[in-house]
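If you're wondering where the values come from, they're calculated on a predicted model, not measured in any experiment. Both counts, for ligands and for their atoms, begin at 1 and track the order of listing.
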Amino acid sequence: MTEHARRGIDGHNGEVRVLVVEDEVALAEGIARGLTAEGFEVAVSHDGIDGYEQARSGDFDLIVLDIMLPGMNGYRVCRSLRDAEVWTPILMLTAKSGEYDEAEALDTGADDFLSKPFSFVVLVARLRALARRRTDHNLQPLELGDLVLDVVARTCRRGTTDIPLSPREFALLEVLLRNRGQVLAKGDLLHTVWGEDFEGDPNVVEVYVGYLRRKIDRPFGRSDLETVRGEGYRLGSADLAVR
Ligand code: CA
């Protein structure tokens with residue numbers, strides 16, 4: 001095995017985590033065994049509702065989703081995940097009979113589809129492509145008008161002005177930009193940026209929002225980072241919310 005393969009396809013040291021939602025137990029186990037042998041970390045669910053719950057946890061990098069499932073069919077699982085703002089790439093397994101439309105699979109928010117019966121080699125190739133696409137997507141600079149946060153170079157600028165940020169300010173701005181147009185509760189920001197184990201004063205969020213405003217907004221006469229009273233904070237107007 002090459003060093004690259006051992007390290008996983010996303011370039012991190014951690015393995016790529018795949019959730020396989022497939023009620024045909026033998027097929028599910030076969031996929032799981034094969035993907036594990038390819039270096040993926042695999043979890044299996046045989047039921048739509050359970051699969052949805054597991055997928056919603058956000059603990060996966062990729063999801064392989066069958067359409068005909070007990071509890072909740074694949075289309076509904078997919079649509080519900082997207083409605084819940086879970087953007088994990090989904091490869092949907094469609095029936096070859098033509099009973100299920102591949103266009104419909106893509107329409108519900110799936111990223112790719114593969115019709116049964118499929119070649120395992122093709123499945124692995126498609127999953128690797130999806131994982132790469134996800135990684136590339138996550139590395140794109142984040143923008144709001146002329147405010148640009150480059151997550152690779154770790155730089156921030158407004159127009160042509162470079163804005164130095166502390167690591168914590170950077171992390172907070174990254175979360176706000178990734179969810180631009182959406183109100184983020186103080187508790188959620190605390191959890192995401194300071195971590196679950198943070199035991200200090202939760203008002204630290206307000207303090208850092210203040211720091212950010214003094215860097216990204218005030219010197220430029222802007223007020224992009226808003227306080228939504230009683231709810232939290234929002235960067236950019238609500239109609240910018242990423243759907
Ligand atoms: Ca099935």
Transitively linked via ILVMFWY side-chain contacts under 4.5 Å: V42 with V121?
no

Which count of protein N, O or S atoms is obtained for distances strictly below 3.0 Å from the Ca ion (ligand 1)?
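Protein N, O or S neighbours of the Ca ion (ligand 1) under 3.0 Å, waters not counted, come to 3.
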
What closest approach, in Å, do Y208 and S166 show between heavy atoms, and which atom pair accounts for it?
CE2-OG, 4.2 Å

Which heavy atom of V86 sits nearest to which heavy atom of A55, and what is that distance?
CG1-O, 3.9 Å

Looking at R158 and D217, is any side-chain nitrogen of the basic one under 4.0 Å from a carboxylate oxygen of the acidic one?
yes

Does any N or O in the side chain of K186 come within less than 3.5 Å of the main-chain N or O of N203, such that one atom is a donor and the other an acceptor?
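Here the side-chain-to-backbone pair does not exist.
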
Report the residue from L127, L35, D111 that forms a side-chain contact (heavy atoms from CB on, under 4.5 Å) with L62.
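Among the candidates, only L127 passes.
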
